[in-house]
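Report on the following structure.
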Number of protein chains: 2
Amino acid sequence: MNDLSQEQQVAFQAACRQAGLRLTPQRIEIFRELARAKDHPSAETLHRRLVERMPSLSLDTVYRTLGTLASHGLIMRVDTIESQARYEVAQLLHHHLICRSCKEIFDFQWQSVDNAALPDAVKSWGRVERKNVVAYGICNKCLKK
Amino acid sequence: MNDLSQEQQVAFQAACRQAGLRLTPQRIEIFRELARAKDHPSAETLHRRLVERMPSLSLDTVYRTLGTLASHGLIMRVDTIESQARYEVAQLLHHHLICRSCKEIFDFQWQSVDNAALPDAVKSWGRVERKNVVAYGICNKCLKK
DNA sequence: CTAGCTGCAAAAGATTTGCATGTCC
DNA sequence: GGACATGCAAATCTTTTGCAGCTAG
């Protein structure tokens, strides 16, 4: 509910420097808005929220910035079956529950999977860097409708 | 390597009838090609393969058919972070390994996750219908390059 | 100063839609 | 026969790109 925590902001700036990325007002605001958002927004959605504060911000910059930050691992692109890409700040390991009716994404933790070793067959595939569970179903809000 | 199994084809036709979908040559061929494919093809890719056998088949029909079949649960749309949607026939429960270099998708089984109960926090969310693991990394082929 | 960003506009890529014609049941 | 599908073309939506001016370091 509050604004972006001081540490998170400092960590972001340090990570940008380390990655050789310039710290522009646009990048700072885009990251701040994404970190504050709880709903895995798309580029379009983020832009809509940001232009109120930053009227000159272009949608292209939002697209470009999200792509740049994601490619440096500062944020994550979330897999969905929608046509629009969604993003989130890379935080604690977590998993996604997606409602196939309203498309809302709910985050949850599942440490037994985080800690579990992948099956043997996977070992010969290559190097696995992360694993996420995506569960689908219908959320209570939609079930009640 | 062989063609679509007899049972699979019969099951498909029965499922179409049950869903109230007409059995057109296009639908049959699209499903057959997808069932034969091992690479989670996109609409574009499927169309490229099918026009050789069915020169009049339009790309629109492939898009429409994939959408229709997916919405009836006969095939699945696979989540990736690419812009193109990919499909697979709904088969045994399985999970995906995606190479972030070549984008190839490798299927694997992981029964301990299939059988595991979701964490308690999820129970109050709604009704979960399926859960899939998506793991990312680099496959051996790309590691060697 | 200058490589890296941004904004603008235009392009490209993926998917959807309207409509007339064809075809499954 | 009539509802549903298809093919075509055009539209739409999302994302990317070229370029000139701006700016952080």
Side-chain angles (χ1 to χ4, degrees), chain A residues 9 12-34 40-51 53-72 74-75 77-87 103, chain B residues 9 12-34 40-51 53-72 74-75 77-87 103:
Chain A
Q9 200 163 336
F12 171 66
Q13 303 194 357
C16 279
R17 291 231 165 68
Q18 198 187 337
L21 298 176
R22 288 200 180 154
L23 267 176
T24 64
Q26 290 88 336
R27 285 179 177 173
I28 291 171
E29 285 306 313
I30 290 169
F31 182 83
R32 192 210 298 269
E33 189 65 41
L34 185 61
H40 309 80
S42 65
E44 199 91 39
T45 305
L46 271 177
H47 181 252
R48 201 177 317 120
R49 292 177 190 165
L50 284 160
V51 275
R53 260 186 280 151
M54 241 189 160
S56 69
L57 179 68
S58 74
L59 176 58
D60 329 57
T61 296
V62 178
Y63 271 109
R64 260 190 282 226
T65 300
L66 292 174
T68 305
L69 298 182
S71 77
H72 288 274
L74 290 166
I75 63 174
R77 217 177 132 149
V78 178
D79 304 345
T80 73
I81 55 176
E82 292 177 283
S83 53
Q84 273 189 115
R86 308 251 219 132
Y87 291 86
K103 314 292 187 202
Chain B
Q9 200 164 335
F12 170 66
Q13 304 195 356
C16 278
R17 290 233 165 67
Q18 197 187 337
L21 298 177
R22 289 197 180 158
L23 267 176
T24 65
Q26 291 88 336
R27 285 178 178 174
I28 291 171
E29 286 304 314
I30 290 169
F31 182 83
R32 192 210 299 267
E33 189 64 42
L34 185 62
H40 310 80
S42 65
E44 199 92 38
T45 303
L46 270 177
H47 180 252
R48 201 177 320 121
R49 292 178 190 162
L50 284 159
V51 273
R53 261 186 278 152
M54 239 188 162
S56 70
L57 178 69
S58 75
L59 176 58
D60 329 56
T61 297
V62 177
Y63 271 108
R64 259 189 282 224
T65 301
L66 292 174
T68 305
L69 297 183
S71 78
H72 287 275
L74 290 166
I75 64 175
R77 217 176 133 152
V78 177
D79 304 345
T80 74
I81 55 176
E82 292 177 283
S83 52
Q84 272 190 115
R86 308 252 220 131
Y87 292 86
K103 316 292 187 204

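So that the names make sense, note that chain A is the first sequence line, chain B the second, and so on, each numbered from 1.
Considering only the side chain of A/S56, C/dG7 comes nearest among C/dG7, D/dT14, D/dG7. Checking C/dT15, D/dT14, C/dT6 against every side-chain atom of A/Q26, the shortest atom distance belongs to C/dT6.
The interatomic distance linking B/L50 (CG) with D/dT6 (P) rounds to 13 Å, in whole Å. Rounded to a whole Å, the CD atom of B/Q84 is 17 Å from the P atom of D/dT14. Distance CD1 (B/I30) to C1' (D/dA5): 11 Å, rounded to an integer number of Å. The CZ-C1' distance, from A/R27 to D/dG25, rounds to 13 Å in whole Å. Rounded to whole Å, the distance from CD on A/E29 to P on D/dA24 is 14 Å. Per the geometry, CD belonging to A/Q13 stands 9 Å off P belonging to D/dG25, to the nearest Å.
When atom types are taken as modelled, the side chain of B/H47 and the backbone of B/L57 share a donor-acceptor pair closer than 3.5 angstrom. A donor-acceptor contact shorter than 3.5 Å links the side chain of B/R86 to the backbone of B/H40. Checking side-chain atoms of A/R27 against main-chain N and O of A/R22 turns up a donor-acceptor pair under 3.5 Å.
Here B/S42 does not reach the OP1 or OP2 of C/dA14: none of its side-chain N or O atoms lies under 4.0 Å away. Neither OP1 nor OP2 of D/dT14 sits under 4.0 Å from any side-chain N or O of B/S83. In this structure, A/T24 reaches the C/dT6 phosphate: one of its side-chain N or O atoms is under 4.0 Å from OP1 or OP2.
Rounded to 10 degrees, the angle separating the terminal axes of the helix from C/dC1-D/dG25 to C/dC25-D/dG1 is 50°, with each axis obtained from five end pairs.
Side-chain contact between B/L66 and B/R77 is absent, with no heavy atoms from C-beta onward closer than 4.5 Å.
Taking every heavy atom of residues 57-67 of chain A and every atom of DNA chain D, pairs under 4.0 Å involve A/D60, A/Y63, A/R64, by number.
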Self-check item: Derivation of the side-chain contact (heavy atoms from CB on, under 4.5 Å) call for A/F12 and A/L23
Solution: CA-CA 10 Å; A/F12 171 66; A/L23 267 176; 4.2 Å; yes
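The base of C/dC5 does not come close enough to the side chain of A/R22 for any donor and acceptor atom to sit less than 3.5 Å apart.
The side chain to side chain donor-acceptor pair (under 3.5 Å) pairs that include a residue from residues 58-68 of chain A are A/S58-A/D60, A/S58-A/T61, where partners are two or more places apart or lie in different chains.
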